[in-house]
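Here is the structure we will look at, set down as structure tokens.
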Amino acid sequence: MWFLRRMLRIPWTAKKTNERVLKEANKRRSLVRTIRKRQATFLGHVMRRGKLEHLVTTGKFEGKRSRGRQREKIMDGLATWLGPGKVSDTLAAGKDRDLWRS
């Protein structure tokens, strides 16, 4: 945002919201999209490998849970992103690299 404001010559004293600056620059926020894309790439890599990482990400790893609030798992994020019914199809597609990338 700082760089966009500099390019558009908007002084820091101007009371313009970040959304208005993005609209003037014809840009959209892409951080969440980039994070999801990288998570999907990593998940496809892990699913093809099929070792310890595969067990941990799919939740088949046995052990004690730590105290406090549980961390969000990759599979939970994938379920909210794709929808609950598509997760099993997505995991099956992870085995084929070309299908996963498409």
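- W2 belongs to a hydrophobic cluster whose remaining members, ordered by chain and number, are F3, M7; membership requires side-chain heavy atoms of ILVMFWY residues under 4.5 Å apart, directly or through intermediates.
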Distance-only donor-acceptor pairs under 3.5 Å for side chains of residues 19-27, two or more places apart:
| residue | atom | partner | partner atom | Å |
| --- | --- | --- | --- | --- |
| E24 | OE2 | K16 | NZ | 2.8 |

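- Summarising the local packing, CZ of R6 is surrounded by 12 or fewer heavy atoms from other residues, nucleotides or ligands at distances under 6.0 Å.
- For the atom pair CE (M1) and CG (N18), the distance works out to 3.5 Å, reported to the nearest 0.5 Å.
- Expressed to the nearest 0.5 Å, how far CZ of R29 lies from OG1 of T34 amounts to 13.0 Å.
- Closest heavy-atom contact between Q39 and R36: OE1-NH1, 3.1 Å.
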